[in-house]
Amino acid sequence: MLIKGMTLFLVAMAVLAMFGKLRMPGIKPPRRVTRRCARCGRPKIGRGPCPCEGKGRG
């Protein structure tokens, strides 16, 4: 009985997912905009300068 319930639940979830795709096909998740260093191209984390701009590196 538990197996039948789980199977029914999974089938219902699959049907909901298919209807959701048909209803909103153009909606995509937003892309995260990351700031990159102009000198080396690495993603910048935090507010400080990139490590490549530090003391004599690069």
Side-chain angles (χ1 to χ4, degrees):
M1 188 68 184
L2 186 62
I3 300 290
K4 286 182 185 179
M6 289 172 50
T7 304
L8 182 63
F9 175 75
L10 290 175
V11 169
M13 285 293 150
V15 169
L16 285 174
M18 288 190 302
F19 279 122
K21 287 271 190 182
L22 291 175
R23 194 169 162 196
M24 297 178 274
I27 295 177
K28 295 179 180 159
R31 289 183 50 196
R32 293 183 63 176
V33 178
T34 58
R35 296 178 299 145
R36 295 199 173 265
C37 175
R39 188 173 182 184
C40 68
R42 287 176 46 183
K44 291 181 83 174
I45 299 172
R47 296 178 187 226
C50 182
C52 74
E53 298 168 0
K55 303 172 184 172
R57 294 184 191 162

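This chain uses plain numbering: 1 for the first residue, then up along the sequence.
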Exercise: identify the closest heavy-atom pair between G41 and R36
O-NH1, 3.0 Å
Do other residues, nucleotides or ligands put more than 12 heavy atoms under 6.0 Å from the CD1 atom of I3?
no
Heavy-atom closest pair, residues C50 and K44
N-CE, 4.2 Å
Give the other cluster members for L8, using side-chain heavy-atom distances under 4.5 Å between Ile, Leu, Val, Met, Phe, Trp and Tyr residues; answer none if it is isolated.
none
More than 12 heavy atoms of other residues, nucleotides or ligands under 6.0 Å from CG of L16: yes or no?
yes
